[in-house]
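One structure is given below, encoded as structure tokens.
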Amino acid sequence: MSRPTFAGDLSRLPDHAFGHRSLTWWGVMGFITVEAAGFALAAGAYFYLANQVPRWPPDHPPPDLLWSGLFTALLLLSEVPNVWLKKAAEGMDLRRTRLGLVAVVLAGAVLLGIRALEFTTLNVRWDENAYGSILWALLLLHTVHLLTDWVDTGVLAALMFTRHVNPRRFVDTSENALYWHFVVLTWLPVYAILYWAPRWM
Amino acid sequence: MNRPLRLLPLLAPLLLLAGCDGAGVQSVLDPAGPQADRIDIVWRLMLWVCGAFYLMVLGFLAVAVLRHRRRRRAEGEPPEPHPGREGGLRAALAGWVGLIALGLLTLIAASYVVDRRLAHASGKQGLNVQVTAHQWWWEVEYLDEDPSKRFKTANELRLPAGVPVRIELRSSDVIHSFWVPNLHGKLDLIPGRANEIHLIPERTGRFRGQCAEFCGLQHAHMAFDVTVEERGAFEAWRAHQVTTAAEPATELARKGREHFETSHCAMCHAIRGTKAAGSVAPDLTHLAGRATIAAGALPNTRGNLAAWIADPQGIKPGSRMPFIGLEPDELDALTAYLETLR
Amino acid sequence: MSVAAAHPLSHGGPEEPRRDGPDLPEAETHARLERTWGTAATFWGWLTTVDHKLVGRRYIVTGFAFFLLAGLMGLAMRLQLATPESGLISPDRYNQIFSMHGTTMMFLFAVPIGEAVAVYLIPLMVGTRNIAFPRLNAFSYWVYLSGGVMIHVAFVMDVGPETGWFSYVPLAGPEYSPGKRTDFWAQMITFTEVSALAVAVEIIATVFKMRAPGMSLNRMPLFVWAMLVTSFMVVFAMPAVMLASSFLISDRLVSTHFFNPAEGGDALLWQHLFWFFGHPEVYIIFIPALGMVSAITETFCRRPVFGYAAMVLALVTIGFLGFGLWVHHMFATGLPRLGHSFFTAASMLIAIPSGIQIFCWIATMFGGRPRFDTPLLFVAGFIVVFVLGGLTGVMLASVPLDLQLHDSYFVVAHLHYVLIGGAVFPLFGAFYFWFPKITGRMLDERLGRWNFWLLAVGFNVAFFPMHWLGLIGMPRRVYTYPEGLGWEVWNQVSTAGALMVAAGVALFLLNVALSLRAGRPAGPDPWGAPSLEWATASPPPSYNFAHIPVVASRTPLWDAPGGLPVMSGLKVDERELLLTTLHDARPDLREPSPEPSIWPLVAALAVTVLFVGSIFSAWAVVWGSVPVAAALVLWFWPKGGHRGNEVEQ
């Protein structure tokens, strides 16, 4: 076969990078965009249903503020270890990355526990009326994301204690921290809608 | 080679169309009132404008295709864009976009104007009717300020020519759609909501309406008769509809009434003036005056009536009227009685 | 970029990985790459492959199989409707058939086939070795297959959905649709949407990050642009239908009240959510076809498509505008009049970018030297048929006129003109165009012409009369109709046309069968086309290209007749490909690419159990998640420790 013309050499290129240079970043961002669209539409459905009735909530007191308030505060606080973890991963500092991952896993476990309690003080069941249904739907949607990210973080933490540590794991960790940002950021509007909108409307 | 053949799909339908004029009792193209008429104007405008654009596209395509037939087919030559022509084509593209924009603006404006005109009918006072759709029949109630002048009928609408009518549209179960193409466009009947359609029938005649939103098993058999008549005739009909059912004249018919009042029939149907006061099925007080039965499924004849009562599931499987299993003499009596309900 | 010199690494000692380049003989490069990237010709190999071409081929075949099934259902419908009160098919069965026809065509054929062609072609067209996230790609195929099989099994067992492909509530709700039929439908949505979303993310990542050096965004083939726009639309539109179908399942299974007006829910919420997805959906179906039309037109007119920038802008505009039209499906529901004018205008304005594209394709023919082989015939057919459908769409955009024509056979005519004209004709053209690349053989030209004419004439005979039927009052979704309204003769004509279409499709299948066995062998580039997929063998080797090509124009093969320059330096004994920068495609990273794996299939099976289980019990969501989680963890758990640099502890 005839010899091709070689115009350049790729062997010196690095084999990993952080941020949007990494392919997995695009995958994570794609997933985040899909889920964000879902959240936005669910929020739209909430207000659409609210518009159908004169009083909102129709027959119930709004959901309690205790556990949700605690959850929100702790979730925002969890950004501290999360940001620290992201920096550690980008610096490829193994000891700090391990610490950060464990911290986020612990924080996640506490948060999930509080979220479980939150479900018990919503003051309405999902099958009572449309208000109950959309309330539970939005809260469940967020909980599923919290749970999946928590499992994700757990798996990464485990991996960081094995022989599979290499630069790509640090990239994965950095991107997982990005996903945690998403979990925190989506909670804020959902919190405002579920807990405060009924009190203001 | 086969270029002339390419034109065939175009011409054939046009030839077929030439033999049709769209007249009919359930036709968009045969308006019997100003609403349908105005929509028909939009249709014609659209046909001309869109037709013109279609011919332009086909013309351009034909030119592009035919101009190369004269040249010999040159296989294997290196491909080469012709930059000289690009400037002309660019100008043509700009012109084309401008033309499309102009055409669309015309159509948007026409659509808007007609939409506003259609809303005019809602300001006028006239007749008030409430239609409630069920799976798979139409409950029709003529409203009036005086409660003694209200009455219910089913699967038919009679309207006086030239009088604006406001039809309130509700549904008792799933989404249906009220469509009488000779008079107006359609509007949905949605459970939990009340819609309103306003129309002014002008031409007298018999028309047909049909449910136009898939509503389940017998969506195909959910039609209704619409009769537009002179005001005098309409008032006479309305005055008669308010009255209770006629007394049966024969022994057979009396037996039929008795059977109706004491058996399954009365559980669902009402005949005013008798003991039958069911409310989940069509009101049969003046059944014999209707042109069709079973929501337009069959012409209202003795034979069809008997067949329907004997085996509704055979004619309209899935309809809410159950198979009862009557003896022949019971069926005979019932049919005789129902035929007296003018 | 340094000019290649004798590279020490390509001598390949035991420590240094071998790389492609001037120091490794070509024959050895090909052999090593084949060993690295190849899929074993065993059943296990077939189950575990992550080669986008193999996954793409099975996607295409499966999608086409669903097309045939749905086509048979359409034929059954036409046979029933040929005569009034025909009695051939019972109302319940007919309602299942028309629901399955629409559902299968829209969810199991039209969207997946565009994605399937993209999965096969995009990596080749952009000059890389595999698609991004190849295991996700394999997973998305299995999930798609599961959903399609599930709903057809339900149909065969007489529990198929029977409330239409759009499943309006309350008809599809728990009260009026008892049993599991609608639940199968709603869950099938979940399967297909998960699959489509995954592929969309893969395509975006591939197009943005894996293009050949020199293929800046404004040098990408129009098909690649089309798939990029489509993928973004998928990302924003599909969540709407997933939300809607989840709400529906939830109303039916655990008594929520999203759509129950008696408890504050709203029947129209379903329509808003569904059509917010549903309108972009038709563009998701249509835009890939536009890309195919561009690829075919430029090849067979032997010049680049006229007005590249206008074409790209038109695609992007359609992508955006497509999200602003959905209410035109709801004009008859009695919404406030204020909204009417906006949605009428938006629905009509989308004719502008479409009009631009039609002009540009015809201008390409005008200014080029067209060769009317079968693919270009289908493009001409597309123009004739689709434009008519687009114009009836402009008609339907007008609210007053729509109030008459909505839900009548006029709409049935319109939608088939735009979907068959706009997507199926280009697809057949694409089959004739790319079949040689995929299989290494040409399809027969003569059979191709017969195929085209039968389809073109048959389609018009089948569907043109439906415009008339709608105008003379025939509503849609009816299992029969009465005598005496003048509908009989046109229904008969339509059925005759449907039989012609069936004959055309049968001829296509015959052509494929004969050509697979004895078609003329195709070289790498039988048509003289300009884009990168034609720069490699037919069918392409598992690694696509021996060396990553370098691109300097929009039509690389036309502008480098002596052969494309290439890059050296990627490993040949490990799976490695190149990531480039987003805008200018400068080489940026070497990216390891995943090996074949069984986990995508296992995960797909676990997901299937979860989804099907949740039709019957809400708790399935909980206990079904465990195997899914396990499969995903095992999927991502790295193998061995030899890849990448070990970090000093």
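Chain letters run A, B, ... following the sequence lines, proteins first and then strands; every chain starts at 1. Quick note: numbers below take in every heavy atom, side chains included, and nothing from hydrogens, waters or symmetry partners.
Only the side chain of L197(C) comes within contact range of chain A, with heavy atoms under 4.5 Å apart. For chain A, the nearby parts of D588(C) are the backbone and the side chain; heavy atoms of each come within less than 4.5 Å. Heavy atoms of V235(C) lying under 4.5 Å from chain A belong to its backbone as well as its side chain. For chain C, no part of P58(A) is nearby; none of its heavy atoms comes within less than 4.5 Å. Of the two parts of E35(A), neither the backbone nor the side chain holds a non-hydrogen atom closer than 4.5 Å to a non-hydrogen atom of chain C. Contacts of F232(C) with chain A are absent, with no heavy-atom separation under 4.5 Å from either backbone or side chain. Heavy atoms of L136(C) lying under 4.5 Å from chain A are absent altogether. Within the 4.5 angstrom heavy-atom criterion, no atom of R125(A) approaches chain C.
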Margin query: Evaluate L578(C) against T128(C) for side chain to side chain contact (heavy atoms under 4.5 Å, CB included), listing each step before the verdict.
Written below: CA-CA 7 Å; L578(C) 176 67; T128(C) 186; 5.9 Å; no
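Heavy-atom pairs under 4.5 Å with chain A were tallied for F258(C), F247(C), F259(C); the largest tally goes to F258(C). Heavy-atom pairs under 4.5 Å with chain A were tallied for H257(C), H547(C), K209(C), M238(C); the largest tally goes to H257(C). Each of E576(C), H272(C), E263(C), M210(C) has some count of heavy-atom pairs under 4.5 Å with chain A, and the biggest count is that of E263(C). Among D152(A), V155(A), L41(A), the residue making the largest number of heavy-atom pairs under 4.5 Å with chain C is L41(A). The candidate with the highest count of non-hydrogen atom pairs below 4.5 Å against chain C, out of Q52(A), R95(A), M29(A), is Q52(A). Of the residues considered (L141(A), V53(A), L159(A), D59(A)), L159(A) shows the highest number of contacts with chain C, using heavy-atom pairs under 4.5 Å.
For an aromatic pair to be called close, the ring centres must be under 6.0 Å apart, and F170(A) with H16(A) fails this. No close placement of the W26(A) and F133(C) rings is indicated, their centers lying 6.0 Å or farther apart. For Y191(A) and F71(A), the gap between ring centers reaches or exceeds 6.0 Å. You'll find the ring centres of F119(A) and W136(A) inside the 6.0 Å limit.
With no hydrogens or angles considered, no side-chain donor-acceptor pair links S11(A) and R19(C) at under 3.5 Å.
For R199(A), the CZ atom counts as densely surrounded, since its 6.0 Å shell holds more than 12 non-hydrogen atoms of other residues, nucleotides or ligands.
The side-chain tip of R115(A) does not point at the ring of W150(A) from less than 6.0 angstrom away and within 45° of straight on.
Looking at every heavy atom in both residues, L253(C) comes nearest to A618(C) through CD2-N, 3.8 Å.
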